[in-house]
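Let me begin by presenting the structure, written as structure tokens, before commenting on it.
Start at 1 with the first residue, then count along the sequence.
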Amino acid sequence: MTKNLFLTCAMTISALGINAQNLRGTKLDDRIGHGQDSIEVRQNLSLYQDYFKQKNWAEAAEPWEFVFKKAPLAMIRVYTDGAWIFEQLIQSEQDPAKKNEYFDKLMNIYDQRLNNLDALNSFATPKTTSTKGNILCRKGVDYYYYCPNMELEKAYAMFRSGIDDMGPNTEAFVLYGFIDCSYQRYLANKNNDDVRTDFIRDYMECNDICEKLLDQAKEFGETDTIKAQVIVNAYLPTQVQCNDLFVKSGAADCDALEKIYSTRVEENKTNLEYLDAVLKTLENFECDKSQTYFKASDYIYQIKPTPRAAIAKAKRLLEQGDTNGAIKLAQEAVDMENDVVKKATYAYSVAAMYFKKGNPSGARQWCKKALQHMPSMGKAYLLEASCLARMASGDHLEKSKYYCLAYDKAIRAKMVDPACAAQANKAAGNYTSYFYPKSEAFFQGIKENQSVTVLGESTTLRLR
């Protein structure tokens, strides 16, 4: 069958006198050739598309196959329509033999599309241009969900090859299937440390991609709410799926991670990429007080100081009571980092260290630096509010002004980051108890809601 398909393609392109790798500028008539075959191709093309519109998948299959075999470079949508047709037929078919037949045809669609990818892309629009990774991802999804005798390792390898190529451009439905596949693979091999490590890495990768896309949605929300909602509708359920499966798995138990990575860190103590990945993993799962974590950071710092290693070493110094040394290293991490989100995270770490040291003024300055890089960091507003509350000074009225500004920061925190709404509401409620009493304000002629200034910032005077 493969040989016949190859000969058909070769004869069609030869008759046209067109290089199969470049069909740019051609029209449908050019790509289906001339004579009786081209007439039949056009007839079957029209026929299958009519059935496709009617959702009559069984009737659409035969004329679709004629086009697929006779004119494999006719249209890109022949491949996408074909995948959809056989997905529907597999789902509705009860006969196992027939189901297998449909599945084989479905896989063949992806294989032929990969073989013809350059030629198809040469006449594609920007919207219909595809990549090898994109096709492999979709093939992985269909193999995982529709293969009658699906093998987890084979499905996992398909997903991995596609996602390795697509990276942060991986579609949400692919990530959704991939993390489920990785989870099932982990459940089947719980005692295999390599599989556990794969699952942890896969979870982090999926979650990172979702985070980046959802952050983009926040930015689009100010200019294009429809585009923002499309992203949220696709990637938020996927992120929830990732988190739910990971919580259920119990794979990131700190003792288990320590057991896995303790010897591997020693074996890879000169492998910067590996050590950095370990450090990131342990950080993400709040296992950042282990000896392995600190050892990995030391090895990284010896090879090449990195922001993540600097923060890790800062945490150790903080644990040992050397707050000044910790702050110095954390500031170094901020200066070295180029990614704005990470820069904001490290700046927040410096702020938290200043706050722990009992320096709310310094902590507040670093909160503002964190917010410069990431205005949606709700926890930075909450920490700034705590700083203001701790800095409150002067008589009763003057102190209440600090709490009014702290209240503003708490409200702002939940506006930019709904995830911290509960904490922000609790903090705001606490600050209201320090507002100046209305009973005293009345006798002093002090009016509510007037604008006042605290540490160079304006706020509204509120009374209780």
Side-chain angles (χ1 to χ4, degrees), residues 168-170 172 175 203-243 280 283-284 286 307-308 311 330-331 333-355 360 362-389 405-431 455-460:
N169 298 314
T170 305
L175 293 176
Y203 162 74
M204 291 174 62
E205 183 177 6
C206 287
N207 192 59
D208 284 350
I209 292 172
C210 290
E211 279 291 334
K212 287 178 182 177
L213 269 295
L214 292 171
D215 284 341
Q216 278 186 23
K218 289 180 183 178
E219 296 174 11
F220 288 137
E222 299 177 3
T223 56
D224 190 339
T225 54
I226 295 176
K227 188 173 184 179
Q229 196 59 50
V230 168
I231 295 173
V232 171
N233 290 345
Y235 285 91
L236 186 57
T238 299
Q239 187 180 49
V240 170
Q241 161 89 343
C242 286
N243 291 332
K280 182 181 178 182
E283 275 180 8
N284 279 16
E286 298 179 359
R308 184 172 282 121
I311 283 291
Q331 288 175 334
V334 176
D335 293 338
M336 284 191 287
E337 186 57 66
N338 293 319
D339 182 277
V340 290
V341 175
K342 292 178 182 176
K343 208 174 186 73
T345 302
Y346 296 149
Y348 177 82
S349 296
V350 179
M353 289 175 188
Y354 268 111
F355 192 78
R364 181 169 175 254
Q365 289 177 13
W366 278 93
C367 283
K368 290 187 176 300
K369 289 183 181 181
L371 290 166
Q372 285 175 3
H373 299 297
M374 189 178 176
S376 61
M377 184 181 276
K379 64 181 182 180
Y381 279 112
L382 286 175
L383 181 55
E384 187 182 1
S386 297
C387 292
L388 288 164
L405 184 56
Y407 178 87
D408 290 344
K409 301 295 182 182
I411 297 302
R412 182 64 180 164
K414 69 177 183 178
M415 287 178 64
V416 301
D417 184 6
C420 67
Q423 188 180 355
N425 287 333
K426 184 178 179 181
N430 182 49
Y431 298 141
L455 300 175
E457 286 192 62
S458 294
T459 186
T460 301

Considering only heavy atoms from C-beta outward, does the side chain of [X] approach that of [Y] to under 4.5 Å?
| X | Y | value |
| --- | --- | --- |
| T459 | Y407 | no |
| M377 | L371 | yes |
| V350 | K369 | no |

Checking the side chain of [X] only, and the main-chain atoms of [Y] only, is there a donor and an acceptor separated by less than 3.5 Å?
| X | Y | answer |
| --- | --- | --- |
| K343 | V334 | yes |
| N207 | Y203 | no |
| N430 | K426 | no |

Out of curiosity, [X] [atom1] to [Y] [atom2], how far, rounded to the nearest 0.5 Å?
| X | Y | atom1 | atom2 | result |
| --- | --- | --- | --- | --- |
| I209 | N169 | CD1 | CG | 8.5 Å |
| E384 | K379 | CD | NZ | 15.0 Å |
| K280 | M204 | NZ | CE | 5.0 Å |
| Y381 | K368 | OH | NZ | 8.0 Å |

For a quick test of reading the model, state the closest non-hydrogen atom pair linking [X] to [Y] and the distance between them.
| X | Y | value |
| --- | --- | --- |
| H373 | V340 | CB-O, 3.5 Å |
| A424 | L382 | CA-CD2, 3.7 Å |
| S376 | D417 | O-CB, 3.6 Å |

Greater than 12 external heavy atoms within 6.0 Å of E283's CD:
yes
Salt bridge present between K342 and E337 (N-O < 4.0 angstrom):
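Not counted as a salt bridge, because no side-chain N and carboxylate O are separated by less than 4.0 Å.
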Evaluate salt bridge (charged side-chain N to carboxylate O under 4.0 Å, His left out) for E457 paired with K409, printing each intermediate quantity in order.
CA-CA 11 Å; E457 286 192 62; K409 301 295 182 182; 2.9 Å; yes
